[in-house]
2 protein chains.
Amino acid sequence: MSHTYEYARAALTVDCVVFGLGEDELEVLLIRRALEPFANRWALPGGFVHIDETLEDAALRELEEETGLRKVYLEQLYSFGAIDRDPRERVVTVAYYALVKLSDHKVRAATDASDAAWFAVSDLPDLAFDHAQIVDMALNRLRAKVRYQPIGFELLAKKFTLTQLQRMYEVILERTLDKRNFRKKILGMDLLVELDEVQKDVAHRAARLYKFDDRRYRKLVKQGFSFEI
Amino acid sequence: MSHTYEYARAALTVDCVVFGLGEDELEVLLIRRALEPFANRWALPGGFVHIDETLEDAALRELEEETGLRKVYLEQLYSFGAIDRDPRERVVTVAYYALVKLSDHKVRAATDASDAAWFAVSDLPDLAFDHAQIVDMALNRLRAKVRYQPIGFELLAKKFTLTQLQRMYEVILERTLDKRNFRKKILGMDLLVELDEVQKDVAHRAARLYKFDDRRYRKLVKQGFSFEI
DNA sequence: CCAAAAGTGTTCACGGTACACCCATGC
DNA sequence: GCATGGGTGTACCGTGAACACTTTTGG
């Protein structure tokens with residue numbers, strides 16, 4: 001089936017910047033392109049928006065098709081419409097960013113087809129299209145947003161230690177935080193539930209596990225509470 | 001000239017939420033639609049993106065064509081892609097918001113064709129498409145952003161009094177601010193230039209005029225300064 | 001018993017907030 | 001001289017920041 005329009009139309013795509021929390025750095029999931037343009041170059045997962053799906057659905061679909069990821073935290077980032085951002089024709093892309101728990105997904109993406117891999121944000125390869133610019137904006141957005149919205153938890157397993165939580169912020173914000181002040185602040189928010197459970201298989205004292213209480217967070221927000229790190 | 005594509009393509013539009021500062025309220029500039037769908041309903045200024053213009057260029061062009069506004073502060077807001085947001089066919093819109101100085105533009109929009117008018121945000125008419133949702137998001141964005149970026153100045157004349165500046169924040173944030181604390185804070189940021197000039201034609205003591213020093217702001221930001229109200 | 005990380009309080013400085021009166025000007 | 005807004009300072013409190021040692025556990 002083909003379609004005819006009076007005026008030329010831009011093509012519409014979505015692209016996703018998928019962040020995972022590495023040892024000492026944020027990592028981004030990239031796909032090696034099989035086809036021209038930019039064949040063999042690394043690029044963000046993404047693709048064309050179908051006529052009968054929303055932008056977010058398109059992003060989720062492409063993410064699953066190209067990386068196997070499902071049920072990730074997804075948020076729209078920005079739309080990019082420079083005239084020549086795609087050498088073939090006019091393509092406008094709506095960029096999203098996603099946060100995933102590497103604990104769940106690292107293996108999958110690493111062992112899957114050899115065409116998907118995680119890269120530290122400070123050591124990204126040359127990217128196709130304007131994807132470097134998109135990653136850059138996504139990083140800035142994440143660094144800003146993580147400070148005033150509790151989205152960082154999406155990068156951690158459901159149960160986590162306070163040290164893991166602190167390290168997550170240190171990695172994203174690229175600065176060290178004081179352990180006692182951090183704990184005082186985060187526990188004072190009353191958003192974490194202390195579990196009757198501790199770490200396993202560690203070669204030292206096992207830390208207590210906590211989980212984030214989303215229901216409680218939403219209730220507090222309604223009462224005017226605002227999260228801040 | 002007509003164009004054919006293998007797959008159906010969504011149409012792409014831009015829409016603008018234009019904010020102006022009214023007496024006691026923020027106002028939004030709306031256009032009365034001449035054509036179906038939603039003929040005769042109020043809507044955001046906007047229209048189709050041409051194949052050879054960027055998204056921002058399209059927004060600026062539509063703004064000028066439909067409202068006569070030029071050189072406004074413009075920022076991308078969000079892209080809306082619900083399947084049925086336009087009853088005719090699939091249309092994805094990239095929404096922008098703009099801040100204008102009513103002192104410059106109010107007359108123009110009011111006296112122009114009878115198809116453009118300012119409305120207080122608390123008293124908007126029924127809007128076409130999903131434009132109510134877009135305005136809502138724009139308002140939230142503006143209220144958040146005005147607190148940590150000096151964009152509010154775009155709503156004021158170049159020269160303004162501290163009382164006008166304070167009122168601008170009170171109108172946007174919908175709460176009163178303490179006069180002495182406000183002045184202490186804003187003057188302490190060292191972003192305002194005190195002019196050798198005072199208000200004219202007021203029936204009481206004339207207030208000193210100030211202007212915002214954008215060059216200085218950018219320099220301070222580079223040094224790690226962050227604006228906050 | 002040693003290595004490794006968990007866990008825990010106090011002090012200080014600064015910034016936010018609350019608060020009220022006199023002054024200058026135009027009519 | 002009166003009405004209207006312009007302009008100014010201080011005291012208190014809460015939060016953020018700096019800072020070091022003891023405890024627990026596994027090996």
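What you are looking at is a predicted structure, and each value in this text was computed from that prediction instead of being measured. In what follows, chains carry the letters A, B, and so on, assigned in the order in which the sequence lines appear, proteins first and then strands, with residues in each chain numbered from 1.
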Asker: Taking side chain as C-beta onward, heavy atoms only, is A:Pro150 less than 4.5 Å from A:Phe212?
Answerer: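 Yes. Closest side-chain heavy atoms under 4.5 Å.
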Asker: If you find the nucleotide of DNA chain C closest to A:Thr161 and the one closest to B:Ala203, which residue's nucleotide is nearer the 5' end?
Answerer: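 Between the two, 5'-proximity favours A:Thr161.
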Asker: So do B:Ile186 and B:Leu165 actually touch side chain to side chain, heavy atoms under 4.5 Å?
Answerer: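 Yes, side chains in contact.
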Asker: Before accepting this row, confirm whether a basic side-chain N of the pair B:Glu228/B:Lys185 lies closer than 4.0 Å to the acidic partner's carboxylate O.
Answerer: no
Asker: Examine distances only and state if a side-chain atom of A:Thr93 and a backbone atom of A:Thr13 form a donor-acceptor pair shorter than 3.5 Å.
Answerer: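 Checked: pair present.
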Asker: Going 5' to 3' on DNA chain C, which nucleotide is the first and which the last to come under 4.0 Å of a heavy atom in chain B?
Answerer: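 Range of nucleotides within reach of chain B: C:dG16 to C:dG26.
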Asker: Could you pick out which residue, A:Val202 or B:Ala206, lies toward the 5' side of DNA chain D when each is mapped onto its nearest nucleotide?
Answerer: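 Closest to the 5' end, via its nearest nucleotide, is B:Ala206.
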Asker: Residues in side chain to side chain donor-acceptor pair (under 3.5 Å) with B:Gln133, at least two apart?
Answerer: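 Applying side chain to side chain donor-acceptor pair (under 3.5 Å) to B:Gln133 gives none.
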Asker: With side-chain hydrogen bond (donor to acceptor under 3.5 Å, both in side chains) as the rule and sequence neighbours excluded, what pairs involving residues 187-204 of chain B come up?
Answerer: B:Lys159-B:Glu197, B:Asp190-B:Arg216, B:Glu194-B:Arg208
Asker: Describe, in one word, how the ring planes of B:Tyr217 and B:Phe225 are oriented to each other, choosing from parallel (under 30°), tilted (30 to 60°) and perpendicular (over 60°).
Answerer: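 Geometry flag for B:Phe225 against B:Tyr217: perpendicular rings.
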Asker: Could you give the start and end, 5' to 3', of the contact zone on DNA chain D for chain B, using atoms under 4.0 Å from its heavy atoms?
Answerer: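 Footprint of chain B along DNA chain D, 5' to 3': D:dT4 to D:dT10.
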Asker: Report yes or no: does B:Arg141 contribute a side-chain atom to a donor-acceptor pair with the main-chain N or O of B:Leu77 at less than 3.5 Å?
Answerer: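 Checking the backbone N and O of B:Leu77 against the side chain of B:Arg141, a donor-acceptor pair under 3.5 Å is found.
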Asker: Residues in salt bridge (Lys or Arg N to Asp or Glu O under 4.0 Å) with B:Lys184, at least two apart?
Answerer: none
Asker: Begin from the C-alpha positions of A:Asp214 and A:Arg218 and carry the test salt bridge (Lys or Arg N to Asp or Glu O under 4.0 Å) through to its verdict.
Answerer: CA-CA 6 Å; A:Asp214 193 52; A:Arg218 281 199 277 250; 2.9 Å; yes
Asker: Tell me which residues in residues 173-195 of chain A put a heavy atom below 4.0 Å from DNA chain D, sorted by number, or none.
Answerer: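 A:Asp178, A:Arg180, A:Asn181, A:Lys184, A:Lys185, in order of number.
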